[in-house]
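Data first, discussion second: the structure below is written as structure tokens.
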Amino acid sequence: MAKSLMIVDDSATMRKIIMRTVRMSGLEFDRTEEAGNGNEALEKLGGGPVDIMLCDINMPEMSGTELVKEVRKLDSCADMRIIMVSTESSQELIDGVVADGANGYITKPFTPEKFQEKLTPFMN
Amino acid sequence: MVDDICISDVLLAGAKEVFETMIFMDLEEASEPDRKIEDDAMLGSITFKIDFEGNMQGCLTICCSTPCAKTIATNMLGMEPDEEISEAEIRDALGEVTNMVMGSVKTRVQDEVGNLQVSIPTVVSGRDLEYSLGDGASKISVIVSLGDEYIADISWLCREAHKLNRKREDKQA
Ligand SMILES: [Mg+2]
């Protein structure tokens, strides 16, 4: 089934690297979008949800943790899978964001294998 | 609390993980002869900094020459060495490298010092850094070689919050 992906990260470099790593992991998406912070992501999601969102945590304007809470308020995004991609790795923070509605967590630095492992369960 | 020797090991291990998995460059602690050329290599250098606070307060910095920063950025983005890259892209890439090294270090010291809150990475000049924490701060630096060509300085400048509090109590007494 065709899948769509959104990468939310304040660093344009990191968005490119994530995109490249996703490609290297062998996963295929037919539509990919990018956003530089939570507000931009919400605006784009207003036009329609994506299947999977990869979301940074430390971002100006609206952080990833706030974005997860906002996204989960939207009926249109109820089935969307959200995987956090962050340098933050404290268990407390991970538990908190999962409780708020995130479906997975990948820490930076990462490998293509990591993306394959965490995203494959959501590809069908 | 975390001692000096431990921090330099942690800086090295954290940086090695980031450089080897995301930048595809070998990172080793620099040998003595390499350290001697360090001053030359750092000419025209740039410093990337991330502040942290919590039970420890301070910053982590990565300082390297401009050509070194460019190589790190192009490697990270999977570009050809001679491909054009803008100053802004180099800064953004190195900011993320600093961010990931900080994250990697943070994970390693988490059990001893608890969670540290970190800032968004910035570019600074060397001098700003020296006086940013004032007296009583300690600085631990690791000089590393990157690939066969470059030298970089990874430093940890900090004061422990409990020491800060004690100082305040001494003053009040
Ligand atoms: Mg970020």
Side-chain angles (χ1 to χ4, degrees), chain A residues 7-26 34-40 54-67 84-98 105-118, chain B residues 13-25 27 48 50-52 54-55 60 69-70 72-79 83 85-122:
Chain A
I7 298 172
V8 190
D9 198 302
D10 56 315
S11 159
T13 308
M14 192 46 73
R15 294 197 300 270
K16 274 190 203 168
I17 292 166
I18 292 173
M19 189 68 84
R20 190 183 56 172
T21 312
V22 166
R23 234 181 280 124
M24 284 163 73
S25 72
E34 290 185 20
N37 62 56
N39 286 327
E40 206 186 316
L54 296 173
C55 184
D56 183 21
I57 289 185
N58 294 331
M59 294 184 287
E61 288 183 57
M62 186 193 288
S63 74
T65 47
E66 290 167 67
L67 175 61
M84 310 311 286
V85 183
S86 175
T87 53
E88 295 288 341
S89 61
S90 82
Q91 198 56 47
E92 201 185 331
L93 190 121
I94 297 176
D95 293 346
V97 75
V98 167
Y105 207 98
I106 293 174
T107 51
K108 296 172 185 167
F110 45 68
T111 57
E113 292 73 29
K114 202 55 179 183
F115 274 87
Q116 196 186 36
E117 176 197 324
K118 300 281 180 168
Chain B
K16 210 172 156 64
E17 184 190 9
V18 172
F19 276 81
E20 290 175 3
T21 52
M22 303 283 293
I23 311 170
F24 314 106
M25 274 175 111
L27 181 147
F48 299 86
I50 283 197
D51 295 315
F52 58 83
N55 290 332
L60 176 131
K70 189 182 169 201
I72 292 173
T74 52
N75 267 28
M76 200 168 157
L77 287 163
M79 295 164 71
E83 229 174 295
I85 182 164
S86 72
E87 186 94 355
E89 283 177 299
I90 295 175
R91 287 180 174 221
D92 184 41
L94 270 286
E96 278 305 308
V97 172
T98 313
N99 194 21
M100 287 191 286
V101 173
M102 180 72 221
S104 202
V105 168
K106 217 173 98 160
T107 306
R108 288 171 163 82
V109 299
Q110 213 152 250
D111 290 345
E112 285 96 341
V113 300
N115 194 32
L116 298 171
Q117 289 83 50
V118 303
S119 71
I120 281 171
T122 51

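Each chain gets a letter, A, B and so on, in the order its sequence line appears, and its residues count up from 1. None of the values given here were measured: they were computed from a predicted structure.
- For Ala73(B), the side-chain contact (heavy atoms from CB on, under 4.5 Å) partners are Ile85(B), Ile90(B), Ala93(B), Leu94(B), not counting sequence neighbours.
- Side-chain contact between Asn115(B) and Glu92(A): absent, with no pair of heavy atoms (C-beta onward) separated by less than 4.5 Å.
- Nearest heavy-atom pair, Asp92(B) versus Ala12(A), reported as atom, atom and distance to 0.1 Å: OD2-N, 3.1 Å.
- In terms of heavy atoms, Met22(B) sits closest to Pro109(A) at CG-CB, 3.3 Å.
- The salt bridge (charged side-chain N to carboxylate O under 4.0 Å, His left out) test applied to Lys16(A) returns Glu89(B), not counting sequence neighbours.
- Contacts of Leu77(B) with chain A are made by both backbone and side-chain atoms, with heavy-atom separations under 4.5 Å.
- Identified by a heavy-atom distance below 4.5 Å to chain A, the contributing residues of residues 96-103 of chain B are Glu96(B), Asn99(B), Met100(B), Gly103(B), in residue-number order.
- Residue pairs meeting the salt bridge (Lys or Arg N to Asp or Glu O under 4.0 Å) criterion with at least one member in residues 57-67 of chain A, sequence neighbours excluded, do not occur.
- The OG1 atom of Thr107(A) sits 11.5 Å away from atom NZ of Lys106(B), with the distance rounded to the nearest 0.5 Å.
- Using a 4.5 Å cut-off on side-chain heavy atoms (C-beta onward), Met76(B) and Ile17(A) make contact.
- Under the 4.5 Å side-chain criterion, counting only non-hydrogen atoms from C-beta, Gln110(B) is in contact with Ser90(A).
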